[in-house]
Amino acid sequence: MSVKDGILAEGSPIYHGEPRPVDGAATDENLRTALMLSRSCQGWTGAAIDYVSLKWWGFNQDTEGGDGILARGSVEVVDWLKAEIGRLGWVFRLKAPVAAVELVEGEEEEEISVKISTRWVEDIPEVMHAEQTSNFHAPYTLLTLPLGVLKYAPPTFTPPLSIRHEQAIQRLGMGLLDKIVLVYEKVWWADTQSSSAMINILMPLEDDPTRLLGPTCGRISDHGTAKGAFPPRTPEWLEQNPQALMVFDLHAQCGIPALCVFVAGEFGDVAETCTDAQTTAWVTGVVQQWLGGPINKSNDEGSNVMTEIGAVPRMVEVLRTAWRKDEHAFGSYAYIPVGNDNEGPSTSPLDQVELTRTMRDRCFGRENIRSSTSMRACMMLGRVG
């Protein structure tokens, strides 16, 4: 059973004590709103709610302590690690993805070591894009290969990964959460109705239900989707299943004059097939239509006046992620998909635990499973490459 099945099941709180609609159609305005909000949860799961297992939803607990935000971004952590590596005399090499991992046997058990082979392409004037390789030997190694890489472009492991490990990789789902960041010179929305919350929930319009599903309204383009992408929906399904769109106020979070739009799951896959121009046009239009609103401004006499609706200043730049197309990631969220008991063991948190096991206590891999089973969806924290 999926999360969607649970939300729509008889007796669900979504119906407020009323009987479930016979045909499953939402006729009540509050029910339609609740359904649109619940579909937008793929911003948290990385996959549509009809793909995510209900059985394991909520089995876990969040990590202890309050929430925190890195005010100047995660790059500070990377910069600190890079500085520490340099201070210790080690090597910090970029664009060198792992090609092979090999356990090298010694005469004694304690003499086992790990050999990591990497490859990268170097631009040499005389030789166009010459491929270079390097081998590293160490008693231990820590790999942060994302689950998407292990599923769709894994390195060679010697000896091979265990059957149970391979099955866990294939059973777990690799979802997607992309972000589109709109950067402005200053915070123009500080005096608008959209400034009351850190998270703005945009609801689709009845006469344009697919407007918030992306630049192509959720419809797949002629270019096709990347490896690992979710199957596209039909136009009829898109019309009948509108969903809300989440927009984060980065100024409220960390003082940056920017808005961040979440484009997740299947709609993130579709959006990655669109050009930067298409994406910018779509997100600009959405912000103008939903968040522009009347803006309070002071005139020369000191009194407040209202500007026209949609008076949104020009953006400084638009930044976007594309984790599915990234060959060093193939997605950004791991999740537990709906199982099928007729096809053998279904996915469970034990698969997440399996991916934390070591190879002969020498090769440690977190493989995109953050804090093992402590999170509902597991974010991609790092990658080799």
Side-chain angles (χ1 to χ4, degrees), residues 4 25-45 47-50 176-182 184 188-189 192-195 197 199-223 225 229-249 258-295 308-315 318-322 324:
K4 177 184 176 182
T27 56
D28 178 76
E29 180 64 27
N30 291 333
L31 177 56
R32 286 201 300 270
T33 299
L35 287 173
M36 288 186 287
L37 287 171
S38 63
R39 294 187 192 108
S40 70
C41 282
Q42 62 181 311
W44 306 109
T45 63
I49 56 176
D50 50 340
L176 177 67
L177 172 59
D178 277 334
K179 299 177 181 179
I180 305 171
V181 179
L182 293 72
Y184 298 90
W188 56 265
W189 58 91
T192 71
Q193 59 185 2
S194 66
S195 65
I199 304 176
N200 294 280
I201 306 296
L202 312 187
M203 302 301 294
L205 305 175
E206 286 191 24
D207 59 350
D208 195 4
T210 63
R211 178 80 167 95
L212 298 179
L213 300 183
T216 59
C217 298
R219 293 173 174 81
I220 189 65
S221 68
D222 296 334
H223 303 293
T225 53
F230 292 107
R233 304 285 191 175
T234 64
E236 294 75 19
W237 188 95
L238 296 172
E239 292 281 345
Q240 297 168 7
N241 293 271
Q243 73 171 43
L245 184 69
M246 294 186 182
V247 180
F248 280 67
D249 181 353
L259 297 171
C260 179
V261 178
F262 276 17
V263 187
E266 55 207 338
F267 303 122
D269 283 325
V270 174
E272 287 194 13
T273 67
C274 300
T275 64
D276 289 344
Q278 287 177 302
T279 302
T280 298
W282 170 70
V283 76
T284 300
V286 167
V287 168
Q288 289 178 338
Q289 185 172 357
W290 269 265
L291 297 180
I295 303 175
E308 295 182 358
I309 292 178
V312 176
R314 184 181 299 274
M315 294 169 291
V318 177
L319 307 172
R320 60 186 293 208
T321 62
R324 186 73 80 184

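Because only heavy atoms are used, hydrogens play no part in the values below, and waters and symmetry mates are left out as well, while side chains stay in.
Applying the ring pair (Phe, Tyr, Trp, His ring centres under 6.0 Å) test to Y184 and every residue at least two apart in sequence or in another chain returns W188, W189. Applying the side-chain hydrogen bond (donor to acceptor under 3.5 Å, both in side chains) test to R233 and every residue at least two apart in sequence or in another chain returns D50, E266. Qualifying side-chain hydrogen bond (donor to acceptor under 3.5 Å, both in side chains) partners for D208, counting only residues two or more places apart in sequence or in other chains: none. Contacts of P209 classified as side chain to side chain contact (heavy atoms under 4.5 Å, CB included), with partners at least two apart in sequence or in another chain: E239, P242. With sequence neighbours excluded, the residues forming a side chain to side chain contact (heavy atoms under 4.5 Å, CB included) with L37 are T33, I201, M203, A244, listed by chain and number. With sequence neighbours excluded, the residues that form a salt bridge (charged side-chain N to carboxylate O under 4.0 Å, His left out) with E206 are R32. Applying the side-chain hydrogen bond (donor to acceptor under 3.5 Å, both in side chains) rule to T321 yields the partners D178; only residues at least two apart in sequence or on another chain are considered. Every residue two or more places apart in sequence or in another chain that forms a side-chain hydrogen bond (donor to acceptor under 3.5 Å, both in side chains) with Q243 is listed here: Q42. Checked against side chain to side chain contact (heavy atoms under 4.5 Å, CB included), C217 has the following partners two or more places apart in sequence or in another chain: T210, R219. Applying the side chain to side chain contact (heavy atoms under 4.5 Å, CB included) criterion to Q278, with sequence neighbours excluded, gives P215, C274, T275.
Looking only at distances, no side-chain donor or acceptor of W290 sits under 3.5 Å from a matching main-chain atom of P204. Looking only at distances, a side-chain donor or acceptor of T273 sits under 3.5 Å from a matching main-chain atom of V270.
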Inset, instruction - Apply side-chain contact (heavy atoms from CB on, under 4.5 Å) to M315 and V287, showing your working. - result: CA-CA 11 Å; M315 294 169 291; V287 168; over 6 Å; no
Legend entry - Intermediate values then yes/no, side-chain contact (heavy atoms from CB on, under 4.5 Å), V286 and V261: CA-CA 10 Å; V286 167; V261 178; over 6 Å; no
Inset, instruction - Show your reasoning for whether side-chain contact (heavy atoms from CB on, under 4.5 Å) applies to I199 and F262. - result: CA-CA 11 Å; I199 304 176; F262 276 17; over 6 Å; no
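Residue pairs that meet the salt bridge (charged side-chain N to carboxylate O under 4.0 Å, His left out) test with at least one member in residues 282-291, sequence neighbours left out, do not exist here. Applying the salt bridge (charged side-chain N to carboxylate O under 4.0 Å, His left out) rule to pairs touching residues 270-288 yields D276-R320, sequence neighbours excluded.
Rounded to the nearest 0.5 angstrom, L213 CG and L245 CG are separated by 8.5 Å.
The heavy-atom pair separating L212 from L202 by the smallest distance is CD1-O, 3.4 Å. Between L176 and G268, the shortest heavy-atom contact is CD2-C, 3.4 Å. Closest heavy-atom contact between C41 and I49: CB-CG2, 4.2 Å. Smallest separation of non-hydrogen atoms from V181 and C260: CG2-SG, 4.1 Å.
A cation-pi contact, defined as under 6.0 Å to the ring centre and within 45° of the axis, links R324 to F230.
Side-chain contact between V283 and V263 is absent, with no heavy-atom pair separated by less than 4.5 Å.
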